[in-house]
2 protein chains.
Amino acid sequence: MVDKQRPDKQRVEKTRRKPGETRDKLMTAALELVGKGRHFASLGIREVTRQAGVVPTSFYRHFRNMDDLGLQLVDELGLVLRRMMREARANVLQADKLMEESVGIFISHVQANRSFFLFMAQGLAGESRAVQDGIRSEMRFFATELANDLRRLRLAEHLSDADLEMTCDLVVRSVAFSLTDLLGVSPEDDYQIDQVRKRTTRFLQLIFVGAAHWKSADLKSR
Amino acid sequence: MVDKQRPDKQRVEKTRRKPGETRDKLMTAALELVGKGRHFASLGIREVTRQAGVVPTSFYRHFRNMDDLGLQLVDELGLVLRRMMREARANVLQADKLMEESVGIFISHVQANRSFFLFMAQGLAGESRAVQDGIRSEMRFFATELANDLRRLRLAEHLSDADLEMTCDLVVRSVAFSLTDLLGVSPEDDYQIDQVRKRTTRFLQLIFVGAAHWKSADLKSR
DNA sequence: AAGTGTTGTGTACAAGTGTTCACTAATGTG
DNA sequence: CACATTAGTGAACACTTGTACACAACACTT
């Protein structure tokens, strides 16, 4: 039971020495387990180290506990989101297809980093408070960046800063919720995925129609 | 489930015999733990029975495993939601205050059933697939009921059924997301709670402004 | 070349885990 | 009333869990 896995040849030499090797292995292992349907909150140290092919004690060389590992995962999640944003900025050319293309990019990134987004969706509610706040702050950052882009593209000239920020906040939330739809269907179910894509796009369109008529329409109700 | 625990006198006699006594105690115990910050996915049978003041074996008299308990909690959650809907229907009189009042009712119900909604927010992403689907279907039901109400109140006459349904779906999602905001702040922090209330209300207003101008504005982009 | 900190390993242990089993008391049905 | 059913109990099982400790191999500086 101890060395169930060790099909290697010369791994038998006790220790290996790549820089953050084991650390990455542990984080990846946690993500793998999440990807397999486990909930992050239910993962244990031993379980993760087992999945990573590492002895339990090694865990403590890199993390204090599972929450700590979760926090570091949030940081990496931030990188993934920034990559996504960069790609969106580079690829969305005409304004009229802005939403379709953005949603498309989002969906393909989710597919490419399924476990990561699974972890994000899980962390949003529950889990350690720190992880929760981390994810929330990533979303805020995303929303303000989106607002900046819309300003830059002159697509929201009639909105006050506060109203624009609110709109973007709502956009990000809607997309984040679609995330849970997307993660609920199998990655091969192209039909369902397309349904999510269409629905999300229409949500965004509805929101922007609302934004376009915002000031003019409702001002009375505070 | 109603009266959480029973500081009774003559409990010392071995066994008691109320109908679903222990079953309710177990469900309540799970909710209590969730309310204390634990994540449902990380709860164990022994932990729950301990909190309920019951011997571990009793658990199996009522549930096959924790997922089963979760499923039954979803059912009760449905009742809570329906109560909320009924109250909203009874109390929302004038259409112009519709959103403020609805959001208010929502928030007060969340405060009154904090653990329940905590469980719901957690179950939305992650957890057993069955629980996830259950919650999702509760939300769908909620959305269609909302659509019916809006039809009945003649507040959405210019929208097609499909568009109305989409709008209500978006509304429910936005409110559900606000749920996680609300659960993130302490129940005594009235200022923050009011912030959430205002933000959520404005989200809904924005959505309905969009819905009001929907057909006319965007039809081309299918 | 020697020393120093870092990372990984093996062993160990006390607690906690899910589940089974045989038991007992209360309840509802005949 | 008798009796089958149900809902509770305690002891026992085979594991798994988090964490501690002492040690070994490597990567750095000196």
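As the structure is a prediction and not an experimental result, all values here were calculated from the model. Just so we're on the same page: letters track the sequence lines, and every chain starts at 1.
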*Give me the residues of residues 37-48 of chain B where at least one heavy atom lies under 4.0 Å from an atom of DNA chain D, by number, or none.*
B:Arg46

*Report, as yes or no, whether the 6.0 Å neighbourhood of atom CD on A:Glu87 holds more than 12 heavy atoms from other residues, nucleotides or ligands.*
yes

*Interatomic distance where CZ belongs to A:Phe63 and C1' belongs to D:dT19 [whole Å]*: 17 Å

*Apply salt bridge (Lys or Arg N to Asp or Glu O under 4.0 Å) to A:Arg83 and list each qualifying residue two or more places apart in sequence or on a separate chain.*
none

*What residues, two or more places apart in sequence or in another chain, satisfy salt bridge (Lys or Arg N to Asp or Glu O under 4.0 Å) together with A:Arg136?*
B:Asp181

_Distance, nearest 0.5 Å, that separates CD1 of A:Ile45 from OH of A:Tyr60_ = 3.5 Å

*Got a second to check how far B:Gln51's CD is from B:Arg46's CZ, nearest 0.5 Å?*
16.0 Å

*Verify the contact: side-chain N or O of A:Tyr60 to OP1 or OP2 of D:dT19, cut-off strictly under 4.0 Å; return yes or no.*
yes

*asked:* Return the pairing partner of C:dG10 with a 3.5 Å limit on both distances, Watson-Crick or G-U wobble; otherwise return none.
replied: D:dC21

*For A:Phe59, report the nucleic acid contact type (base, sugar-phosphate, nothing); a contact means any heavy atom under 4.0 Å.*
nothing

*Using a heavy-atom cut-off of under 4.0 Å over every strand shown, decide if A:Arg64 touches base, sugar-phosphate, or nothing.*
nothing

*Would you say the side-chain atoms of B:Ser174 pair up with the backbone N or O of B:Leu170, donor to acceptor, closer than 3.5 Å?*
yes

